[in-house]
Amino acid sequence: MRERIWPLLPPLLLLPLLPPPLWGGPPESPRPELEPEPGPLQPYDLLYASGVAAYYSGDYELAVRDLEAALRSHRRLRQIRARCARHCAARRPLAPPGAGPGAELPFFRAVLERAHCYSRCETQRLGGPASRHQVSEDVRSDFQRRVPYNYLQRAYIKLNQLEKAVEAGHTFFMANPEHMEMQQNIENYRTMAGVEESQLVDREARPHLESYSAGVKHYEADDFDQAIKYFEQALREYFNEDTECRALCEGPQRFEEYDYLRYKAGLYEAIAVGEYVKALECAKAYLLLHPDDQDVLDNVDYYESLLDDSMDLASIEAREDLAVFVKRHKLESELIKSAAEGLGFSYTEPNYWIRYGGRQDENRRVPSGVNVEGAEVHGLSAGKKPSPKIDRDLREGGPLIYENITFVYNSEQLNGTQRVLLDNVLSEDQCRELHSVASGIMIVGDGYRGKTSPHTPNEKFEGATVLKALKFGYEGRVPLKSARLFYDISEKARKIVESYFMLNSTLYFSYTHMVCRTALSGQQDRRNDLSHPIHADNCLLDPEANECWKEPPAYTFRDYSALLYMNDDFEGGEFIFTEMDAKTVTASIKPKCGRMISFSSGGENPHGVKAVTKGQRCAVALWFTLDPIYRELERIKADEVIAILDQEQQGKHELNINPKDEL
């Protein structure tokens, strides 16, 4: 029986069986906990909703109070869960089952007792059932992206509390470096409040990342004593975070906030300066992750040659903290493989480490468009990396294939790469018809997880997909002819893009979306935000590093983008291209009926939309992929609907039936 059940055990339940990590120096003092507020802990999603509602109603003092309370509640909830998990793991240790019938029962009893302990602890410390603190995915996402700090900085400005506005704005910007208007806000606030850059505070900073960054600065300044101090501290804090993360991972969890493996290996290489015995220990620790790194192998030989001949070199082993970490990692990997085999699914162990500690999996940070095989990844003393280059032949200037389309600007005239601006892709009548059908199919927040104001609180966003338009047309809620126009003009745009950029393979739809953004009345005075922040379509723009990283949540499979405008009776809303710094504007385009801008989707084309300050701006947004695996599913269904409609129409013509006769 043990042989049948053991492979099915959730691997994360077995983690407490493994030895705890050993620190690379004196232990850190326990992390200070927030002072508990009297009464039951208030759910942070309710406080957040209340704060946002107060902000929009103009009660900025209440907004600040509730938003700050939501952030405290969010932090307190995590602390309680971590503390309960550690407490119950210590009180209900798990032991491996022995041999013989029923030997695994004590193990499962301990698992159930631990779960019961955790439930009681959580209920007691929260002051009520834990179910009150289950939040929606949207709220979870907002706190991960630090959206509450965006509202806070605006509210603090309204209350003329500049220093707090700077702090909130900087905290938001650290998680959203593509947010150009926030960067501008921070610069304005700093000037007004007289705050130096060194005084900027990130309220959500991770201690180990702060220490690591400080260590890198001292390392690059050749201040090795201070570098060692901060790197050792980073390791201790890293392992503290690792312990807390493991305590929380018994049960369903999400781990977007943590990417602990990214720089660990580099720490051991960086620490390898100064005393040769410690340097040798660090180098050997590094080789546990990169056994074939010739540079570090040479360093090991060099350090050994500098040591006294009487010293037993074999007794100098890799640092114990990493040796334990790697041993545990290998055991966990075997447990996951065993569980996968028992559950009947395949599992391939990713190679988490490449040279200098970068991740080596499908989600690793790869600059958009860079040829991976020829790319060189640098470590602590990295120089400026090359700008992104598209990994396919760059061609443009192909035929526009439709009459009456007017060529306006090419890439050179738009100061960029793989860009084109065209006019008269739609006629005035088609624009009016599309705008009319939009009013019948648009849903607030469609395409933005239901969020009314996903990019700026000063505008309302509405959207609709092509399949939804056809569905409404088929049901008679909008004219079917107008719904089909949406489908037809998007197909027209696809063919134009495919032809103009002279692609030698088929371009497929990745996403088709009609979107209107409306300026909210009474909220447009002295706006300096954007309708859509500067970003790239298939990578995560990093203005400070002058890079664009091809990793989720970016849509890495997108290859070309296009925007087809439907109107111009609004104020603001210019489409802009920028440099990779997300600040230097290289081209600005005023939308109008029938105008289309198209461009390649990578880091070579950062772009955004200026604030819509009056009226409503409508466009058809199109994203394309060269990989058929990522074809838009709704588009495939829409193709089927169109095929059915065409067959019905053809049958009626063959029978000489007037469609109106059926009514």
Side-chain angles (χ1 to χ4, degrees), residues 2 5-6 8-21 27-50 66 68-98 102-137 139-140 143-144 204 239-258 260 328 332 335-336 339:
R2 181 166 65 90
I5 294 180
W6 188 248
L8 302 179
L9 292 177
L12 293 177
L13 286 176
L14 304 179
L15 301 185
L17 298 176
L18 306 174
E28 285 283 312
S29 58
R31 182 178 301 178
E33 289 200 10
L34 294 173
E35 286 293 329
E37 298 182 2
L41 184 68
Q42 295 298 307
Y44 71 89
D45 58 338
L46 299 183
L47 291 167
Y48 178 46
S50 176
D66 285 351
E68 291 284 14
L71 291 166
R72 288 195 302 272
S73 175
H74 181 253
R75 287 192 291 270
R76 180 67 181 164
L77 178 63
R78 179 181 175 83
Q79 287 180 348
I80 288 172
R81 287 173 171 168
R83 186 167 182 176
C84 286
R86 290 195 297 266
H87 167 75
C88 294
R91 291 194 61 184
R92 299 290 186 270
L94 306 180
E104 68 276 0
L105 294 180
F107 174 84
F108 286 108
R109 178 179 178 178
V111 170
L112 295 175
E113 287 177 343
R114 179 180 292 190
H116 180 61
C117 170
Y118 182 83
S119 178
R120 281 195 310 172
C121 176
E122 209 177 19
T123 300
Q124 180 181 357
R125 292 183 175 275
L126 293 175
S131 58
R132 294 182 67 221
H133 299 275
Q134 294 178 354
V135 303
S136 69
E137 187 61 32
V139 172
R140 195 195 307 270
F143 275 75
Q144 181 191 334
E204 298 289 335
F239 284 122
N240 285 337
E241 291 279 0
D242 180 70
T243 300
E244 181 175 291
C245 184
R246 289 173 180 277
L248 288 169
C249 71
E250 290 188 12
Q253 294 289 327
R254 298 177 63 85
F255 299 98
E256 296 92 337
E257 302 177 26
Y258 297 94
Y260 291 132
R328 182 176 57 192
E332 289 168 359
L335 290 172
I336 294 173

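Source: prediction; values computed, not measured. One-based numbering along the sequence shown.
Applying the side-chain contact (heavy atoms from CB on, under 4.5 Å) test to His116 and every residue at least two apart in sequence or in another chain returns Arg120. Remark: Gln124 engages no residue in a side chain to side chain donor-acceptor pair (under 3.5 Å) (not counting sequence neighbours). Scanning for salt bridge (charged side-chain N to carboxylate O under 4.0 Å, His left out) contacts around Arg109 gives Glu113, with sequence neighbours left out. Not a single side-chain contact (heavy atoms from CB on, under 4.5 Å) links Pro106 to another residue, sequence neighbours left out. Leu126 pairs by the side-chain contact (heavy atoms from CB on, under 4.5 Å) definition with Leu41, Leu77, Ile80, Glu122, Ala130, His133, not counting sequence neighbours. Not a single side chain to side chain donor-acceptor pair (under 3.5 Å) links Gln42 to another residue, sequence neighbours left out.
In terms of heavy-atom proximity, Arg92 sits nearest to Ala110 at CB-O, 4.2 Å. Of all the heavy atoms in Leu47 and Ala70, the pair that sits closest is CB-CB, 3.7 Å. Nearest approach of Gly127 to Pro40, heavy atoms of both residues: O-CB, 3.4 Å. Nearest heavy-atom pair, Asp66 versus Ser50, reported as atom, atom and distance to 0.1 Å: OD2-OG, 2.5 Å. Across all non-hydrogen atoms, the minimal contact from Pro93 to Arg114 is CA-NH2, 3.8 Å.
The CZ atom of Arg78 sits 11.0 Å away from the OH atom of Tyr44 when rounded to the nearest 0.5 Å. One distance of note links CZ of Arg86 with CZ of Arg91; it measures 15.5 Å at 0.5 Å rounding. With rounding to the nearest 0.5 angstrom, the CZ atom of Arg83 is 8.0 Å from the SG atom of Cys121.
Using a distance-only test at 3.5 Å, with no hydrogens or angles considered, no donor-acceptor pair links the side chain of Ser73 to the main chain of Ala69.
Side-chain atoms of Tyr48 and Leu71, non-hydrogen and from C-beta on, never get closer than 4.5 Å to each other.
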Practice task
Give the intermediate values and the outcome of side-chain contact (heavy atoms from CB on, under 4.5 Å) for residues Tyr118 and Arg81.
Solution key: CA-CA 8 Å; Tyr118 182 83; Arg81 287 173 171 168; 3.4 Å; yes
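Remark: SG of Cys117 is found under 2.5 Å from SG of Cys88.
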